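What follows is a set of notes on a single structure, which appears directly below.
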Amino acid sequence: RRRVGNVFRSVAQRYDVMNDLMSLGSHRIMKRITIEMSGVRAGDRVLDLAGGTGDLAALYAPLVGPTGGVVLADINGAMIDVGRDRLLDKGLTNVYFCQADAEALPFADASFHCVTIGFGLRNVTHKERALTEMHRVLRPAGRVIVLEFSKPQNPIVAAAYGAFQSLWPTIGQAVTGDANAYRYLVESIEMHPTQKALKLMIADAGFANVAYDNLLNGIVAIHHADKSP
């Protein structure tokens, strides 16, 4: 937890620039797909875990409208500061901010219609605790969506992706001044569970209808599931 905190404090101001460089801009398309899969509508309450600089929250806010709300939660205060400034500059007044640990969420049971965590679950120390907490704070029939780096299914794609990843620390040093943060990023992706393993973890947390969709041959996957009515 301390290491993750230090990493994201270091890169917070240039985080979005690096996301664009590392994904060649494709992360924006992936996040829009995530929003479409959420089924969120006017009046809903959404929890955007590991919300960081607010990409997903900015997309959810117009959907839930003035009668709904989005809570952007992140364990890292520096990331929240960047996200708050960015979203207020956009005039989004139905987004609320909370510094919170995904393993111990400070929300009542059944508080949200949808919980999303985008590119954040791999940074959680005890993923099973976080998934159990997501299940707890969801309303019956609510939906959880996990957008995360995963495992390419084709060996050729995996080899090419590995070569590209090897450049990230050098790019990170040039853009943010911190190569170690992006060495950590590569390590965290390598250590993250496979698609099938994460599917089982989500089911073990109590969710139903657990499934996933691979993007870019599995470089990224979107896991989605529902809380039973």
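Numbering starts at 1 and runs along the sequence shown. In this text, all values refer to a predicted model and were calculated from it rather than measured experimentally. Below, each value reflects all heavy atoms present in this structure, side chains not excepted, and no hydrogens, waters or symmetry copies.
Tested against H224 for a side chain to side chain contact (heavy atoms under 4.5 Å, CB included), the candidates D213, V144, V146 yield a single pass: D213. Between H113 and the choices R139, R45, R143, the side chain to side chain donor-acceptor pair (under 3.5 Å) rule is met once, by R139.
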* To do: Evaluate the criterion side-chain contact (heavy atoms from CB on, under 4.5 Å) for residue pair L147 and I117; output intermediate values, then yes/no.
  => CA-CA 6 Å; L147 170 66; I117 182 165; over 6 Å; no
* To do: Apply side-chain hydrogen bond (donor to acceptor under 3.5 Å, both in side chains) to N214 and Q195, showing your working.
  => CA-CA 8 Å; N214 284 325; Q195 290 91 323; 2.9 Å; yes
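Between atom CZ of residue R32 and atom CG of residue D55 there is a gap of 9.5 Å, rounded to the nearest 0.5 Å. Between atom CZ of residue R41 and atom CG of residue D44 there is a gap of 6.0 Å, rounded to the nearest 0.5 Å. Between atom CZ of residue F207 and atom CE of residue M134 there is a gap of 7.5 Å, rounded to the nearest 0.5 Å. The CG atom of N209 sits 14.5 Å away from the NZ atom of K227 when rounded to the nearest 0.5 Å. Here T53 contributes atom OG1 and R86 contributes atom CZ; the two are 5.0 Å apart, rounded to the nearest 0.5 Å. Atom CD1 of I33 and atom CD1 of I145 lie 11.5 Å apart (nearest 0.5 Å).
No single ILVMFWY cluster, assembled from side-chain heavy atoms under 4.5 Å apart, contains both Y212 and L200. Linking Ile, Leu, Val, Met, Phe, Trp and Tyr residues whenever their side-chain heavy atoms come within less than 4.5 Å leaves Y96 and L88 in two separate clusters.
With sequence neighbours excluded, no residue satisfies ring-ring contact (aromatic ring centres under 6.0 Å, His included) with Y161. By the salt bridge (Lys or Arg N to Asp or Glu O under 4.0 Å) test, D204 is found to be paired with no residue, residues two or more places apart in sequence or in another chain being considered.
Proximity of a side-chain donor or acceptor of K151 to a complementary backbone N or O of E190 within less than 3.5 Å is detected. At least one donor-acceptor pair under 3.5 Å links the side chain of E148 to the backbone N or O of L121. The closest donor-acceptor contact from the side chain of N154 to the backbone of I156 lies under 3.5 Å. Within the 3.5 Å criterion, the main-chain N or O of G52 finds a donor-acceptor partner in the side chain of D74. N217 contributes a side-chain N or O that, together with a main-chain N or O of Q153, makes up a donor-acceptor pair within less than 3.5 Å. The backbone N or O of F107 lies less than 3.5 Å from a partner atom in the side chain of R136, making a donor-acceptor pair.
Between L215 and I222, the closest side-chain pair of non-hydrogen atoms falls below 4.5 Å. Looking at L216 and S26, their side chains come closer than 4.5 Å, going by heavy atoms from C-beta outward. Within the 4.5 Å cutoff, side-chain heavy atoms of P193 are placed close to those of M201. Side-chain contact between T125 and E103 is present, with at least one heavy-atom pair separated by less than 4.5 Å. Contact annotation: the side chain of H135 never approaches that of L131 to less than 4.5 Å [non-hydrogen atoms, C-beta and beyond]. A heavy-atom distance below 4.5 Å is found between the side chains of P106 and C98. At a threshold of 4.5 Å between non-hydrogen side-chain atoms, the residues L47 and V137 count as touching. When side chains are defined from C-beta on, R122 does not count as touching M191, because their heavy atoms never get closer than 4.5 Å.
Across all their heavy atoms, H223 and I202 have their closest contact at CB-CD1, 3.6 Å. Looking at every heavy atom in both residues, R183 comes nearest to P169 through CG-CG, 3.7 Å. Pairing each heavy atom of S188 with each of L185, the nearest pair is OG-O, 2.8 Å. Shown here for V124 and K127, the closest heavy-atom pair between the two residues is O-NZ, 3.1 Å. Between A50 and G120, the shortest heavy-atom contact is CB-CA, 3.9 Å. Of all heavy-atom pairs spanning P66 and N94, the tightest one is N-ND2, 4.5 Å.
Using bins of under 30°, 30° to 60° and over 60° for the plane-to-plane angle, the ring pair W168/F149 lands in the tilted bin.
Counting Ile, Leu, Val, Met, Phe, Trp and Tyr side chains that sit under 4.5 Å apart, directly or through other members, L92 shares a hydrophobic cluster with I35, V40, V46, L56, L59, Y60, L63, V64, V70, L72, I80, L87, V95, F97.
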